[in-house]
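Working notes, structure below.
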Amino acid sequence: MSTTESAKKPSVLFVCVHNAGRSQMAAAYLTTLSNGAVEVRSAGSQPAASVNPAAVAAMAEEGIDMSAEIPKILTTDAVKESDVVITMGCGDTCPIFPGKRYEDWGLEDPAGQGVDSVRPIRDDIKARIQALIAELLPTPLEKFPALKPKPARKPL
C-alpha cells in the first residue's frame with residue numbers, strides 16, 4: 001500500500017432534501033467527533049436558504065457552532081467522491097455508484113420545530129455518528145476524547 005493510499009481519509013456524505021437540519025447536524029458531529037479524521041460533506045436536492053435555527057441552537061448546546069453553515073446542492077460529484085452516503089430518512093435519492101456504502105437513517109424532521117423537539121433528534125444523530133466513527137476509524141477510542149463514555153455519576 002502506498003503512503004497516499006494509507007493516508008486517505010474515509011469520506012461521508014450526508015443528504016437531506018433541504019440540507020438545513022439533520023444532514024447539517026450529522027456533518028457537524030462527524031467533523032467534530034472524528035477530529036478531522038473523516039472527510040465530511042452534506043448536501044440536499046432542494047437546499048433551503050439557511051440552516052434551521054433550532055438545529056443551530058441544539059448543536060450550540062453541545063459546543064458545536066453551525067451558525068456559518070450554508071445549505072448546499074447535491075451533486076453527482078459529491079456522491080462519487082464519498083465512500084459512504086447517508087440519507088436522513090427524508091426520501092431524497094442519490095445517484096448509485098458501485099463500491100459505495102449507502103444507508104438511510106430514519107430520523108424525524110426538525111423543520112418547524114423548537115429546540116426542545118430538536119434535542120432528541122440531535123442525540124439520535126450523535127449516537128449514530130459515534131457508531132459510524134467506530135466502524136470507519138480503526139483507531140482506539142483514546143484518540144477521540146469526545147467519544148469516550150463519561151463515568152457514571154455516583155448517587156448522592
Side-chain angles (χ1 to χ4, degrees), residues 1-48 50-52 55-56 58-111 118-150:
M1 185 182 296
S2 74
T3 307
T4 309
E5 289 172 332
S6 62
K8 184 186 180 305
K9 293 180 183 182
S11 57
V12 178
L13 169 64
F14 295 102
V15 179
C16 197
V17 175
H18 300 295
N19 188 225
R22 295 166 285 191
S23 55
Q24 291 283 354
M25 288 189 288
Y29 265 134
L30 184 54
T31 298
T32 301
L33 297 179
S34 74
N35 291 324
V38 176
E39 188 176 335
V40 182
R41 299 176 183 89
S42 71
S45 58
Q46 299 171 19
S50 62
V51 175
N52 179 332
V56 171
M59 293 302 285
E61 293 176 351
E62 293 279 291
I64 299 173
D65 182 6
M66 290 189 347
S67 61
E69 294 300 322
I70 299 168
K72 295 165 272 319
I73 188 76
L74 177 63
T75 65
T76 301
D77 285 343
V79 178
K80 276 184 189 175
E81 295 167 6
S82 301
D83 300 315
V84 181
V85 179
I86 300 174
T87 53
M88 305 274 104
C90 50
D92 222 351
T93 57
C94 303
I96 304 293
F97 295 100
K100 306 284 179 205
R101 173 176 159 187
Y102 293 89
E103 291 185 24
D104 183 55
W105 291 356
L107 297 164
E108 186 180 343
D109 189 352
V118 174
R119 283 186 193 110
I121 301 166
R122 174 202 66 197
D123 295 345
D124 186 4
I125 291 169
K126 183 177 184 179
R128 291 170 189 256
I129 293 297
Q130 289 172 323
L132 181 65
I133 290 170
E135 293 171 18
L136 293 178
L137 302 174
T139 306
L141 208 50
E142 295 78 45
K143 297 232 179 184
F144 301 99
L147 294 179
K148 283 187 192 174
K150 293 183 176 142

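Values below: all heavy atoms of this structure, side chains included; hydrogens, waters and symmetry mates excluded.
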Results of side chain to side chain contact (heavy atoms under 4.5 Å, CB included) for [X] - residues two or more places apart only:
X   : result
I70 : none
E39 : S11, R41
P10 : V38, D83, L136, L137
N52 : A54, A55, P110

What I'd like to find out is whether the side chain of [X] reaches to under 4.5 Å of the side chain of [Y], using heavy atoms alone.
X    : Y   : answer
M88  : S23 : yes
Q24  : M59 : no
I121 : M25 : yes
V12  : V40 : no
V79  : V15 : no
T75  : I73 : yes

For this session: Let me see the working for F14 and L30 under side-chain contact (heavy atoms from CB on, under 4.5 Å), right down to the final yes or no.
Result: CA-CA 10 Å; F14 295 102; L30 184 54; 3.8 Å; yes

Exercise. How would you list, by chain and number, every residue that makes a salt bridge (Lys or Arg N to Asp or Glu O under 4.0 Å) with E103, sequence neighbours excluded?
Worked result: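 With sequence neighbours excluded, E103 shows a salt bridge (Lys or Arg N to Asp or Glu O under 4.0 Å) to R101, given in chain and number order.
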
Exercise. D65: what forms a salt bridge (Lys or Arg N to Asp or Glu O under 4.0 Å) with it, not counting sequence neighbours?
Worked result: none

Which pair of non-hydrogen atoms, one from [X] and one from [Y], has the smallest distance, and what is that distance?
X   : Y    : value
L13 : S82  : CB-OG, 3.3 Å
A43 : N19  : N-ND2, 3.3 Å
K80 : K100 : O-NZ, 2.5 Å

Seminar exercise, completed: Sequence neighbours excluded, the answer for side-chain hydrogen bond (donor to acceptor under 3.5 Å, both in side chains) partners of R128 is D124

Seminar exercise, completed: side-chain hydrogen bond (donor to acceptor under 3.5 Å, both in side chains) filter on E108, not counting sequence neighbours, yields Q113

For this session: Kindly indicate, with the supporting measurements, whether the criterion side-chain contact (heavy atoms from CB on, under 4.5 Å) is fulfilled by I129 and W105.
Result: CA-CA 11 Å; I129 293 297; W105 291 356; 3.8 Å; yes

For this session: Hey, could you give me the OG/CG distance between S42 and L74, rounded to the nearest 0.5 Å?
Result: 10.0 Å

Problem set entry | Approximate separation, where rounding is to 0.5 Å, of Q46 CD and H18 NE2 |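 Answer rounded to 0.5 Å: 6.0 Å.
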
Exercise. Taking only residues at least two apart or on different chains, which pairs with a member in residues 12-23 satisfy salt bridge (Lys or Arg N to Asp or Glu O under 4.0 Å)?
Worked result: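 For residues 12-23: R22-D109.
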
Exercise. Could you walk me through whether I86 and D104 pass the side-chain contact (heavy atoms from CB on, under 4.5 Å) check?
Worked result: CA-CA 6 Å; I86 300 174; D104 183 55; over 6 Å; no

Problem set entry | Distance-only donor-acceptor check, side chains Y29 and Q130, under 3.5 Å | no

